Number of protein chains: 2
Amino acid sequence: MASDNSSVITQLRKMISEGEYRQGERIGEVRVAEDLGVSRTPVRLAFRTLEQEGLLERTGKRGFVVREFSERDVQVAVEVRGVLEGLAARRLAEAGLTDPVREQLEHCLAEGDALFRKGYLEDADITAWSRLNGHFHRTIIEATGTRVIADAIRRNDHLPFASAESIIIDKHCLDGEYRKLFMAHQQHWLVYQALREGEGARAEMLMREHAYIGLRYGSLFGLTG
Amino acid sequence: MASDNSSVITQLRKMISEGEYRQGERIGEVRVAEDLGVSRTPVRLAFRTLEQEGLLERTGKRGFVVREFSERDVQVAVEVRGVLEGLAARRLAEAGLTDPVREQLEHCLAEGDALFRKGYLEDADITAWSRLNGHFHRTIIEATGTRVIADAIRRNDHLPFASAESIIIDKHCLDGEYRKLFMAHQQHWLVYQALREGEGARAEMLMREHAYIGLRYGSLFGLTG
DNA sequence: TTCTGTTTTTTTGGATCCATAAAAGGCATT
DNA sequence: AATGCCTTTTATGGATCCAAAAAAACAGAA
C-alpha cells in the first residue's frame, strides 16, 4: 500500500463512484476505516479532501454524507468544463501559439488522422485515442501559462462521472463509438485551426461545444487522475 | 475556540493571505501547531483542505509549501469567476426568472438605487452595498438550481485575493470608490434586464465583464466564507 | 399513545505515541 | 578543499487514547 493516505482517497472515490456507498448515505469514519483496514487517521484526512472535491458534504454538526448529484448537476458540470476549457482556448488563441505548443497539437492531430484512417477502431485504438485526446486538452490548458484553469477543471471533474455516463450518454450519444470519437477528432481540428488563426472567440465557442461530446471521456483526460 | 478545526483553517487562510507565511515557503505541521497553540491533528486536517483549495501544495514526497501566485494567476482567476457566473446567468436567462428570484433581484436593485441616490457613500453604505452585491450574485448562482457552479466559484475564490487587490486594483481601478461601485450597480441593472428579457448570451457576456470590476469585492460576495 | 426528560451509546475532534523516511550534519578519504 | 558515506536529527504518516458532543435509546408522565 502507498505510504501516504492517497490510496485511501483513491479507494473512497472509486467506492463512491461505483455506488458502494450510496448517494445521500451517511458515512462514518470507523466503518470506512474497518472497510479499508486502516485506522481512522487516514480516513479522516481523506474525508477532508473528498469534502473539498465535492464528493462528501458535512451533515449538520457532525459527520459526512455522500453527496447526491442530480441529472442537472451533471449537465452543469459538463458546461462548467466547457466554459473553463473555452477560456483556456480563447486566451491561448489571443496570446498566439508558440512553436512547441503548435507542434504538440499537430502531433495529436496527425496521430489521430492515422487512427481513423482505416475506418474502424479496435480496443487498442480507443486507448490510443484517449491518450491523444488527453494530450490535446492538456496541451491547451497548460499552454495558458497558469495552473488556475487546470485546477478548476480538475476539481470540477471529481464529480462522479461514472454515473454521469449512465445519465447523459444513453440520451444524447451518437450511434456508434467510431462516429463519436471521429467527431471529437474533427472538433479538435477546428479548435486547432481557430487557435492557429488567433480566432479567440471561435476557439472558445468550439471548445465549449466540444465539452458535451467530451463528457464520456472525462476521466480519461488525464486531468482527474 | 470553535469545536472543529475550521478555526485553524480560517486562521491559516488569513495568515497566508497576509503574508505571515510567505509564498513558496515550506510550512511544517509542528511549527504551525505551535503558532496556533493546538496539536498537530487539526493542522494536518487543515493542510488537506487548504491543499484542495489551492493555497498549499505538496513539495516532493513530504510536506507542503505555500503556493505562489503570479499576476497572471490572479488575472485568470478573475476570468474564471467571470465565465462561471456568466454560465449561471445564461442558464438562468434561458430557463426564465421565477417570481421569487425576480423579486429578490429587484429588491437588490431598488436598495442599490437608494444607496447611490445621495451622490456619495459613507462606510456604512459600502457595507450595505457589499451585502446587496453578494445577495445579487448569490441569487443568480443559486437560482440555477444546482450547487455545481457555486462550488466551482467558491473553490476558485480561495486564491489569495488580498494580494490580488494590490496587484490588480492599482492598475485598473477607476478613479474613485463611489464611481466604481456605482458602475457595478449599473452593471447589475444591465444583467437584470438581460435576465428579464431572456437574453442568455447577453446576460452571460455582461456577467463576464462584471467579474473584472467585481474582483475587488471577491471576498465580500459571501460565497467564500 | 404520545410527548418529554434522562440516560446510554455512538461518533467525532483533539492530543499523544511510535515507526519510518527524508533531510541535515559530520567525518573520513581522496 | 571537495566529495562520498555514515550518523543524527527532524518531520511526517499512522495508530491509539481520551474527552465531549450529538444521536439514539429508554423510561415516565400526561
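Side chains are part of it too, since the values below use all heavy atoms of this structure and drop only hydrogens, waters and symmetry mates. All figures in this text were calculated on a predicted structure; none of them were measured in a lab. So that the names make sense, note that chain A is the first sequence line, chain B the second, and so on, each numbered from 1.
- For A:R72, there are no side-chain hydrogen bond (donor to acceptor under 3.5 Å, both in side chains) partners at least two apart in sequence or on another chain.
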Distances for protein N or O near nucleotides 9-12 of chain D N or O, under 3.5 Å:
residue: D:dT12; atom: OP2; partner: B:E29; partner atom: N; Å: 3.2
residue: D:dT12; atom: O4'; partner: B:R62; partner atom: NE; Å: 3.2
residue: D:dT12; atom: O2; partner: B:R62; partner atom: NH2; Å: 3.4

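- Annotation: salt bridge (charged side-chain N to carboxylate O under 4.0 Å, His left out) contacts of A:R62 (sequence neighbours excluded): none.
- Checked against side chain to side chain contact (heavy atoms under 4.5 Å, CB included), B:R208 has the following partners two or more places apart in sequence or in another chain: A:R90, A:E204, A:R208, B:V83, B:E204.
- Residue pairs meeting the ring pair (Phe, Tyr, Trp, His ring centres under 6.0 Å) criterion with at least one member in residues 11-63 of chain A, sequence neighbours excluded: A:F47-A:F64.
- Shown here are the salt bridge (charged side-chain N to carboxylate O under 4.0 Å, His left out) partners of A:D99, two or more places apart in sequence or in another chain: A:R102.
- Residue contacts shown for A:R58 are limited to sugar-phosphate atoms, with no base heavy atom under 4.0 Å away.
- Put simply, B:S39 has a side-chain N or O that comes within less than 4.0 Å of OP1 or OP2 on C:dA15.
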